[in-house]
Amino acid sequence: MYMTRRKPALYLREDSRSGLFLGFLPRKCSIFNLFLTCLILGFLSMLWLQLSCTGDVSKRGTQDEMSSQKSCPQVPRTVNEDPSWGPHRLALLVPFRERFEELMSFVPHMHQYLLQKKILHHIFIINQVDHYRFNRASLINVGFLESGNETDYIAMHDVDLLPLNLDLDYGFPEKGPFHVASPELHPLYHYKTYVGGILMLTKQHYEMCNGMSNRFWGWGREDDEFYRRIKGAGLQLFRPTGISTGYKTFRHIHDPAWRKRDQKRIAAQKQEQFKVDREGGLHSVKYRVESRSEVTISGAPCTVLNVLLECDLGDTPWCAFN
């Protein structure tokens, strides 16, 4: 006669007073049942949190209903535009590629900021979807051409630079180009001829400059060349005055460790980057708009243009990495 070998078993300690494990589960409770119970409780907790948080107005009902709920991170308060704010409308041109985390912060912030300043505006995201290297200047040219007649001045605006001081001027720059992100205020760039970050011009003045050069593929130098175009057009450059917040005037949300810039200089690009392009510009940019979409990000409206740029490899072979 052979003795049957018993398999080892895992026993859970039970509550001697009630016959319940941990006071609320049945006495005979397996590890699987315990895991399943925790999973269900976790799901119900997440569902409760989602339903109890404030969300989009169109999905939650009236403002009164929302105020009685527990608050999550707040979407910027929506203020309707008022035609009495003035006859001018700003086209905010944002050259863009694959920086969606920054875009999710930028659009709601800028929409609310400009509404607080009573600036009529339209945000354009010019998204480069071809396989060439990033060309900020060409995208701004495209944004200008596609912005339509409802706007009469532009802001060339980096997606990673958020204005914090409401004293900054985003009004119509009638006298000449207005460099909002001046060297005295920009958190990173402080040289005298810097005109990058945020630069506003009337559409007439941008035409006088023949837009920006299309020869700058990769990161940098296109705004330095545009400074020479401004001077060559006989325009005076203006910058903010009376701003006391210094380098804390803007929030720079670019993470260089996560988003590395394409600073490579290929072939003759090393010499070409310092030259003034006297031929190309606004009306020589070659492109195709693949799609145009009206979207909202946290309640803030914008127009997204998916753009395919064209490149003459014989003229600017550095537009491609190979």
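Side chains included, hydrogens not; waters and symmetry mates left out as well; all remaining heavy atoms used.
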task: Please report the C-alpha distance between V289 and E146 in whole Å, then the side-chain angles of each, then the deciding distance to 0.1 Å, and finally whether the side chain to side chain contact (heavy atoms under 4.5 Å, CB included) criterion is met.
output: CA-CA 9 Å; V289 176; E146 296 292 330; 3.9 Å; yes
query: What's the verdict on salt bridge (Lys or Arg N to Asp or Glu O under 4.0 Å) for R89 and E81, showing C-alpha distance, side-chain angles and the deciding distance?
result: CA-CA 11 Å; R89 182 179 290 271; E81 289 186 346; 3.2 Å; yes
- request: Could you check H111 against Q116 for side-chain hydrogen bond (donor to acceptor under 3.5 Å, both in side chains), going step by step and ending with a plain yes or no?
  value: CA-CA 9 Å; H111 180 60; Q116 285 183 279; over 6 Å; no
- prompt: Stepwise, does the side chain to side chain contact (heavy atoms under 4.5 Å, CB included) test hold for N127 with E98?
  reply: CA-CA 8 Å; N127 181 30; E98 297 178 349; over 6 Å; no
task: Run the numbers on I125 and L305 for side chain to side chain contact (heavy atoms under 4.5 Å, CB included), then give the verdict.
output: CA-CA 6 Å; I125 310 301; L305 300 171; over 6 Å; no
- prompt: Would M156 and I198 count as a side chain to side chain contact (heavy atoms under 4.5 Å, CB included) if you check the C-alpha gap in whole Å, the side-chain angles of each, and the deciding distance to 0.1 Å?
  reply: CA-CA 6 Å; M156 302 149 54; I198 310 167; over 6 Å; no
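Nearest heavy-atom pair across L161 and A181 is CD2-CB, 3.8 Å. Residues Y191 and P183 share a closest heavy-atom pair of O-CG, 3.2 Å. When every heavy atom of R229 is checked against every heavy atom of G281, the shortest pair comes out as NH1-CA, 3.9 Å. Closest approach of H157 to F106, counting heavy atoms only: ND1-CE1, 3.5 Å. Across every non-hydrogen atom of A155 and M200, the tightest pair is CB-CG, 3.8 Å. Here the shortest heavy-atom pairing between S182 and R239 reads CB-CD, 3.5 Å.
Counting only heavy atoms from C-beta outward, the side chains of H179 and L237 approach each other to under 4.5 Å. Looking at heavy atoms from C-beta onward, P163 lies in side-chain contact with M110 at the 4.5 angstrom threshold. Residues L235 and C209 form a side-chain contact, since some pair of their non-hydrogen atoms from C-beta on lies under 4.5 Å apart. In this structure, the side chains of Y132 and E310 stay at 4.5 Å or more apart for every pair of heavy atoms. Residues D224 and F226 are not in side-chain contact: their nearest non-hydrogen atoms beyond the backbone lie 4.5 Å or more apart. Between T245 and F250, every side-chain heavy-atom pair lies at or beyond the 4.5 Å cut-off. Side-chain contact check for L185 versus Y247: every heavy-atom pair is 4.5 Å or farther apart. Between R292 and F124, some side-chain heavy-atom pair lies under the 4.5 Å cut-off.
Although no hydrogens or angles enter the test, the distance criterion places a donor-acceptor pair under 3.5 Å between the side chain of W318 and the main chain of R215.
With 3.5 Å as the limit, one finds no donor-acceptor pair spanning the side chains of E174 and H205. Judged purely by distance below 3.5 Å, without hydrogens or angles, the side chains of T303 and E294 pair a donor atom with an acceptor atom. In this structure, a donor-acceptor pair under 3.5 Å is absent between the side chains of N165 and T249. Side-chain contact of T202 with Q204: a donor-acceptor pair under 3.5 Å is absent, judged by distance alone. Between the side chains of H186 and H252, no donor N or O sits under 3.5 Å from an acceptor N or O. In summary, the side chains of K286 and S138 do not present any donor paired with an acceptor at a separation below 3.5 Å, with no hydrogens or angles considered. No side-chain donor-acceptor contact under 3.5 Å links N214 and N135. Y287 and Q128 share no donor-acceptor pair across their side chains, judged by distance under 3.5 Å alone. Between H190 and E184, the side chains place no donor N or O within less than 3.5 Å of an acceptor N or O (distance only, hydrogens not considered).
Using a 4.5 Å cut-off between side-chain heavy atoms of Ile, Leu, Val, Met, Phe, Trp and Tyr, with links allowed through other members, L313 and L308 fall into different hydrophobic clusters. In the hydrophobic clustering of this structure, M104 groups with V94; members are Ile, Leu, Val, Met, Phe, Trp, Tyr whose side-chain heavy atoms approach within less than 4.5 Å, directly or through other members. Tracing side-chain contacts under 4.5 Å through hydrophobic residues (I, L, V, M, F, W, Y), one reaches L168 starting from L166; they form part of the same cluster. In terms of hydrophobic clustering, with Ile, Leu, Val, Met, Phe, Trp and Tyr side chains grouped at heavy-atom distances under 4.5 Å, L201 and L145 are assigned to a common cluster. Both L92 and V295 belong to a common hydrophobic cluster when Ile, Leu, Val, Met, Phe, Trp and Tyr are linked at side-chain heavy-atom distances under 4.5 angstrom.
The aromatic ring centres of Y194 and Y189 sit less than 6.0 Å apart. Remark: aromatic rings of Y113 and Y170 are close, center separation under 6.0 Å. F134 and W217 have their aromatic ring centers separated by at least 6.0 angstrom.
Enclosure of atom CD in E150 by more than 12 non-hydrogen atoms of other residues, nucleotides or ligands within 6.0 angstrom is indicated. Within a 6.0 Å radius of NZ in K231, other residues, nucleotides and ligands contribute more than 12 heavy atoms. Within 6.0 Å of the CG atom in N149, the count of heavy atoms belonging to other residues, nucleotides or ligands does not exceed 12.
Note that the CG atom of N210 and the CZ atom of R278 stand 12.5 Å from one another [nearest 0.5 Å]. Rounded to the nearest 0.5 Å, atoms OG (S213) and CG (D223) are 12.0 Å apart. In this structure, CG on L93 lies 11.0 Å from CD1 on I123, to the nearest 0.5 angstrom. Summarising the geometry, atom NE2 belonging to H122 is positioned 14.5 Å from atom CD1 belonging to I154; distances are rounded to the nearest 0.5 Å. Atoms CG and CG, on D152 and L120 in that order, are 9.5 Å from each other to the nearest 0.5 Å. Between atom CZ of residue R136 and atom CG of residue N141 there is a gap of 11.0 Å, rounded to the nearest 0.5 Å.
Taking the six-membered ring where tryptophan is involved, the planes of F100 and F96 are perpendicular, since the angle between them exceeds 60° and thus also 30°.
Salt bridge status for R288 with D130: absent, with no side-chain N to carboxylate O gap under 4.0 Å.
Remark: K203 fails to qualify as a cation-pi partner of Y153 under the 6.0 Å distance and 45° angle criteria applied to the six-membered ring.
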